[in-house]
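Worksheet for the structure shown next.
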Amino acid sequence: MFAELAEPPLDPILGLAQLLARDTSPDKVDLGIGIYQDEQGQVPVLDCVKAAERWLVETQPSKRYLSSAGNADYNTQTRGLLFGEGSDGFTRSRTIQAPGGTGALRLASDLLYRLRPGGRVFIPGPTWPNHPGILKASGHEVVVYPYYDMATGALRFDEMMATLADLGANDTLLLHGCCHNPTGADLDLDQWGAVADLVAKAGAAVLVDLAYLGLGDGVDEDAAGLRLLATRIPEFLVASSYSKNFALYRERVGALTLVGGNEQAAVLAHAHSLPVARTLWSMPPDHGAAIVARILSDAELRQGWTSELTTMRERINGVRGRLAARLAEHGGRNYGFIANQRGMFTMLGIAPEGVETLRRDHHVHLTSSGRVNVAGLNSNNVERVADAIAAVSQN
Ligand code: LMR
């Protein structure tokens, strides 16, 4: 069974780790996988996380099973973070913990397939490369809607709306909540409103992928689109993650939040998601969720997290500006959009051969799609990387 298998293709993001490890240059720059690196190029554990882990070691009475829903405090805190504690969105939603944002997406996808078999899921072009695989694994047909103009760095909003006019009552629209991956280009609030109206008219379902909350302009600012959605449409799903904003990557800390037309509908949707989770992973790992629950419910730790998150966000937005400014000095293509986009990513519009040249000749590693993780830039490498990009673009 195994011996005849052909070598599978490398994952477009995770596969980069092998190429990076093979590069022995001391100057190599990792702009591939979406992780936040500090000014020194390190991926540290947050101080608030260390403090919560110490608290957990000292106070956790038992490691007995919880339930398929996971950690109850974590689930309540997650709803509070998304919608604001006590808000209407908070009241008419319920959360189920999941192993990372990927687990939350797969849970949402399987649940949607059970509720709306045969429906299509509309995803942005481009999107996170794992989206189509997750959705197809549940059985969905995937349709790509135009989203981003690689040449100008602008949204293709009119074309997007024209394609979404085809959404039917059995279909689902996938949106990125903020800090769009891979482009960094987000809908503004007027555009969120127009999309909400279109979806309400079509009766389609909405799944929001929210993996970068707080890394764009701030937690409340980044949740604004989501919160607007809650005022315009009765039901939707949110797959969220604490991988990036708590730097908990390997702990796999995600959540699926189900918003209903009223509280009772949310409770019912939640009850229907539990057997789906039971067949996928039975129950999610607790460690990361217990840490997040502790941090969000303790005033001092939460304040510490807010300030560590602010440091990450301001550093990312700072290097965005520096990258765009250095590229502007070279003339040629206008890269001003990099400074205005948000989150970890931007798309350079560089062909795979150019990406290969960056890797081989300049030791700058990015995905072959031309996606750059700007959170891997720092004072030591930003100008060198900009010069390399300019050289490759001019060729
Ligand atoms: C990314 O887009 O780089 C991250 O979300 C990591 C991943 O799992 O792909």
Side-chain angles (χ1 to χ4, degrees), residues 8-21 28-38 41 43 98-109 123-137 142 147-148 174-186 207-216 222 238-256 280-281 284-285 288 309 312-313 316 319-320 338 341-348 350 352 355 358-359 364-377 385:
L10 285 182
D11 181 272
I13 295 175
L14 302 183
L16 290 176
Q18 298 180 24
L19 298 174
L20 189 71
K28 67 184 173 186
V29 183
D30 177 9
L31 306 181
I33 188 164
I35 43 171
Y36 174 84
Q37 300 167 47
D38 65 14
V43 187
T102 305
L105 284 165
R106 180 58 194 265
L107 178 59
S109 179
I123 62 172
T127 194
W128 183 47
N130 213 14
H131 277 150
I134 292 169
L135 296 163
K136 286 178 188 166
V142 168
Y147 185 75
Y148 184 75
L174 186 141
L175 294 168
H176 293 234
C178 66
C179 307
H180 182 273
N181 178 5
T183 68
D186 292 326
L207 170 59
V208 180
D209 184 354
L210 187 73
Y212 297 86
L213 182 67
L215 287 166
D222 293 352
V238 187
S240 60
S241 164
Y242 294 105
S243 290
K244 327 281 175 171
N245 51 14
F246 278 73
L248 278 168
Y249 311 94
R250 69 174 68 157
E251 299 292 356
R252 312 310 300 136
V253 198
L256 175 64
L280 286 169
W281 45 73
L309 179 64
M312 291 195 268
R313 178 177 63 247
I316 291 173
V319 285
R320 275 187 176 282
I338 296 174
Q341 294 168 343
R342 283 295 174 265
M344 285 192 182
F345 305 114
T346 188
M347 288 292 271
L348 291 180
I350 292 180
V355 171
L358 280 173
R359 177 166 37 235
V364 175
H365 295 249
L366 35 135
T367 64
S368 61
S369 65
R371 185 190 81 169
V372 171
N373 173 18
V374 291
L377 296 170
V385 168

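Source: prediction; values computed, not measured. Residue numbers run from 1 in the order of the sequence given. One-based numbering, in listed order, for ligands and for the atoms of each.
Distance alone, capped at 3.5 Å, places no donor-acceptor pair between the Arg359 side chain and the Leu20 backbone. Under a 3.5 Å cut-off, the side chain of Arg320 and the backbone N or O of Val374 do not form any donor-acceptor pair.
A distance of 10.0 Å separates NE2 of His180 from OH of Tyr148, quoted to the nearest 0.5 Å. In this structure, CG on Leu207 lies 11.0 Å from CG on Leu210, to the nearest 0.5 angstrom.
Screening Ile316, Asn245, Asn181 for a side-chain contact (heavy atoms from CB on, under 4.5 Å) with Tyr212, the sole residue that qualifies is Asn181.
Judged as a side chain to side chain donor-acceptor pair (under 3.5 Å), and not counting sequence neighbours, the contacts of Asp209 are His131.
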Between ligand 1 and the protein, give all atom pairs where both partners are nitrogen or oxygen and the distance is under 3.5 Å, as lines of names plus distance to 0.1 Å.
from: ligand 1; atom 1: 2 (O); to: Trp128; atom 2: NE1; distance (Å): 3.1
from: ligand 1; atom 1: 2 (O); to: Asn181; atom 2: ND2; distance (Å): 3.0
from: ligand 1; atom 1: 2 (O); to: Arg371; atom 2: NH1; distance (Å): 2.9
from: ligand 1; atom 1: 3 (O); to: Gly34; atom 2: N; distance (Å): 2.7
from: ligand 1; atom 1: 3 (O); to: Arg371; atom 2: NH2; distance (Å): 2.8
from: ligand 1; atom 1: 5 (O); to: Lys244; atom 2: NZ; distance (Å): 3.1
from: ligand 1; atom 1: 9 (O); to: Trp128; atom 2: NE1; distance (Å): 2.9

